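Heads up: the structure comes next, in structure tokens.
All of these numbers come straight from a predicted model, not from anything done at the bench.
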Amino acid sequence: MSGLISRLRQLRHSDQSIAASVRATLLESLYASPQSLVIGALTSSGIMGIVAYVSGNLAMIACAVAIALVAGIRVGDALGRQRRPAPDRVKGSWAKRQEFLYRSGALGYSALLGTFGLLTLVHTDDGVLQLLAVTTTIGYAAGIAGRNAGRPWIALSQLCFASLPLTVGLIVSLQPLKMALALVIVLFVVAMMDITLQTYGVILKATLVSREKAALAEHHAAIARRDDLTGVANRTAFREQFEARLQALGRSETRLAIYWLDLDRFKEINDSFGHLAGNALLAGVAQRLNDAFGTTGIVARLGGDEFAVICEVVQQSDASAIGQRIIDLVEQPVHHDGRTLHVGASLGIAIAPPDGTDADTLLKNADLALYRAKDSGRGQMRFYEPLMDEKIERTRDLGAEMQGALERGEFHLVFQPIFDLTGDRILSCETLLRWTNQRHGAISPAEFIPIAEDNGLIVAIGSWVIREACRIASGWPTDVTIAVNLSPIQLRSANLPMVIMSALAASGFAAERLELEVTESVLLEDIEASLAALDAINRLNVRTTLDDFGTGYSSLSYLTKFPFQTLKIDRSFIADLEQSPASVAIVQTVIELAAKLGMRTVAEGVETHAQLEQLRRTRCDAVQGFLLAHPMPASMVATMLAGDDVKALGRS
């Protein structure tokens, strides 16, 4: 008995300390079998009604009526609970109210049964009626131990309220057999208390384990749908949430705008400052976007430096304003390890439902708009337009075809000779890359070079061009040089010096016969890196040329800061030599300035005899253009170089 009392004290402490959510779950167990409650209420109230009717005792009849009323209320509560929505059944306010109602009904019903049994024992001498009343009450009490064990204080109170009045009724009879039965009932109550406590322990443990497993599963599910680095939604969660938003969109006037953004210059930060800096930048950008749009919209990292944001908009002007805000947020600096990191964003926007009603279509269209934005320059945003599909699909198709094009031998070189002013002697040849694809045929360099730069293949292709040009030119006369154009990405490639040395060593080509050409736009992007790269090239005894001088953002500072040996005057000035005295003056000035700085000059784009004659008067070092020679295969160059005299078309 002392052990039971100790366990009751422990029960009081543990019952007060359990979480509200666990308490609500335990309360749910009281309603786990509503059928047993209904059957018990109907049978017990029916038997008590029969006993009261047969006895004819008014007090027993009144108690039987009360039992039937309470039974009806409890049956209605159990059945009504089944129809109540599940979310309403787990709220804390509902749990407290429902437990109070259940406890009141259960204790009232048990007390009425016990009272009815006491009245039967006191007011009737019919053994059958007494047997019916006592066994019905004891049977009800036995069922309580199992069905109500989830809330043990309710179960134990019901046991006492139902059984103790019977014990009193049996003892006051002063009959030995009934007093013995009273002792048996007391022992029964003690045993049922122990069973109830044990059952409660099992239920509580199972509930806690179940909730821990559910919480762990929920935690794992959340992790599986969260980007580890940034903490925002990953691609999986984004897709699920996006589709749910689309389904909820319905016929309302609200639209969903999907913003697909790619960070500009992120790779440069990663390469320059390391992956930790890149990770800090990604996390900072994600945090800003999530703070701004995560509450009402969706923010996700789709992989690498790509993010997506979903927002509700009413009209396109709203989408534009949000897009500009996204760009502004991304452009804010991120501080890491004493450095201030800056990055921009290109943004593609698609709107549902005008641009699509399903996730796949909208994602594809937003990606197409992003591709167009990146093609327009950094920090741009573009809305999806149906006309984008054809151009961008071709660009992507060519990008896919370019993979493996080198291995398939689809690239080849042609050469455009550069002549002295007389037009008799070839001084050099400019190397030009051509691509003939087995599916698309001949593709313009203006189309495929930007694609190669975007997908990163330009470094491998450019390395092949240098090696192949050196190999071919190694069979030419030693006074003829070869010129190769470098893309901005090639120039900043760390292994460019190794590629040059390898090409020279493999072909036996002299370093001073190789000229590498860069345009002014290369110098604008990163002056320090460009200067270091050009210095490294010159240290190999390879010559460098500033191509297309006079276009874009021409600056005389290039001529003093960068180590060029040759200056190529852009064709736009050459084309105006016949009509514009200003162009003549500019060309003359550039040639004289270059001579004073120790640089050779080449005029490109010569197409008329008048242009050639004018250049001869300016004492330009060399000329190049269709008037003199078109780009040609290496075999034709070799034939021209093998002749006793090279007769160019431009010679008068």
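Arg396 approaches Tyr371 most closely through the heavy-atom pair NE-CD1, 4.2 Å. Considering every non-hydrogen atom in both Gly231 and Arg226, the closest pair reads O-CG, 3.2 Å. Residues Pro563 and Asp535 come closest through the heavy atom pair CG-OD1, 3.4 Å.
In summary, the side chains of Asp262 and Ser346 do not present any donor paired with an acceptor at a separation below 3.5 Å, with no hydrogens or angles considered. With no hydrogens or angles considered, a side-chain donor-acceptor pair links Asp291 and Gln287 at under 3.5 Å.
With contacts defined as side-chain heavy-atom distances shorter than 4.5 Å, the pair Gln316/Ile349 does not qualify. Met381 is not listed as a side-chain neighbour of Ile326, based on a closest heavy-atom distance of 4.5 Å or more. In this structure, the side chains of Leu433 and Ile449 come closer than 4.5 Å at one or more pairs of heavy atoms. Here the side chains of Glu430 and Asn485 are in contact, with some heavy-atom distance below 4.5 Å. Under the 4.5 Å side-chain criterion, counting only non-hydrogen atoms from C-beta, Gln490 is not in contact with Val484. Residues Leu363 and Phe238 form a side-chain contact, since some pair of their non-hydrogen atoms from C-beta on lies under 4.5 Å apart. Between Gln241 and Ile310 the shortest side-chain heavy-atom distance does not fall below 4.5 Å. Inter-residue side-chain proximity for Leu457 and Ile451 is flagged as unmet; no heavy-atom pair is nearer than 4.5 Å.
Here the side chain of Glu447 pairs no donor or acceptor atom with the backbone of Ser444 at under 3.5 angstrom. For the pair Asp358 (side chain) and Thr361 (backbone), a donor-acceptor distance under 3.5 Å is present. For Arg255 (side chain) and Ile351 (main-chain N/O), no donor-acceptor pair under 3.5 Å exists by modelled atom type. In this structure, Arg339 contributes its side chain and Phe273 its backbone to no donor-acceptor pair below 3.5 Å. Using modelled atom types, one side-chain atom of Asn234 and one backbone atom of Ala237 make a donor-acceptor pair closer than 3.5 Å. With hydrogens and angles ignored, the 3.5 Å screen pairs a side-chain donor or acceptor of Asn365 with a backbone N or O of Asp355. A donor-acceptor pair is defined here as one N or O able to donate and one able to accept, closer than 3.5 Å; such a pair exists between the side chain of Asp264 and the backbone of Gly379. Put simply, the side chain of Arg408 gets close to the backbone of Gln403: a donor and an acceptor are under 3.5 Å apart. Remark: the backbone N or O of Ala629 is paired with a side-chain donor or acceptor of Gln416 at under 3.5 angstrom.
Interatomic distance, Leu256 CG to Cys311 SG, rounded to the nearest 0.5 Å: 9.0 Å. Between the CD1 atom of Ile269 and the CG atom of Leu263 there is a distance of 8.5 Å, given to the nearest 0.5 Å. Distance CD/Glu468 to NE2/His412: 11.5 Å, rounded to 0.5 Å. The distance from atom CD of Glu604 to atom CG of Asp547, rounded to the nearest 0.5 Å, is 5.0 Å. Here the straight-line distance linking atom OH of Tyr259 with atom CG of Leu347 works out to 7.5 Å at 0.5 Å rounding. Between the CG atom in Leu261 and the CZ atom in Arg301 there is a gap of 12.0 Å [rounded to 0.5 Å].
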Chi angles and distances behind the side-chain contact (heavy atoms from CB on, under 4.5 Å) call for Tyr384, Leu362: CA-CA 9 Å; Tyr384 167 75; Leu362 288 163; over 6 Å; no
Verdict with reasoning, Thr544 to Val518, per side-chain contact (heavy atoms from CB on, under 4.5 Å): CA-CA 8 Å; Thr544 53; Val518 297; over 6 Å; no
Residues His342, Glu331; criterion side-chain contact (heavy atoms from CB on, under 4.5 Å); working and verdict: CA-CA 6 Å; His342 293 273; Glu331 289 179 348; over 6 Å; no
Salt bridge (charged side-chain N to carboxylate O under 4.0 Å, His left out) assessment of Lys568 paired with Glu515: CA-CA 12 Å; Lys568 295 186 78 170; Glu515 299 181 11; over 6 Å; no
Working for side-chain hydrogen bond (donor to acceptor under 3.5 Å, both in side chains), residues Gln324 and Asp328: CA-CA 6 Å; Gln324 188 58 54; Asp328 294 341; 3.0 Å; yes
Criterion side-chain contact (heavy atoms from CB on, under 4.5 Å) on Thr545 and Val602, from CA distance to verdict: CA-CA 10 Å; Thr545 298; Val602 177; over 6 Å; no
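Classification of the Trp464-Phe411 ring pair by plane angle, with boundaries at 30° and 60°, yields tilted.
Of the charged side-chain nitrogens involved, none lies within less than 4.0 Å of a carboxylate oxygen, so that Asp454 and Lys374 do not count as a salt-bridged pair.
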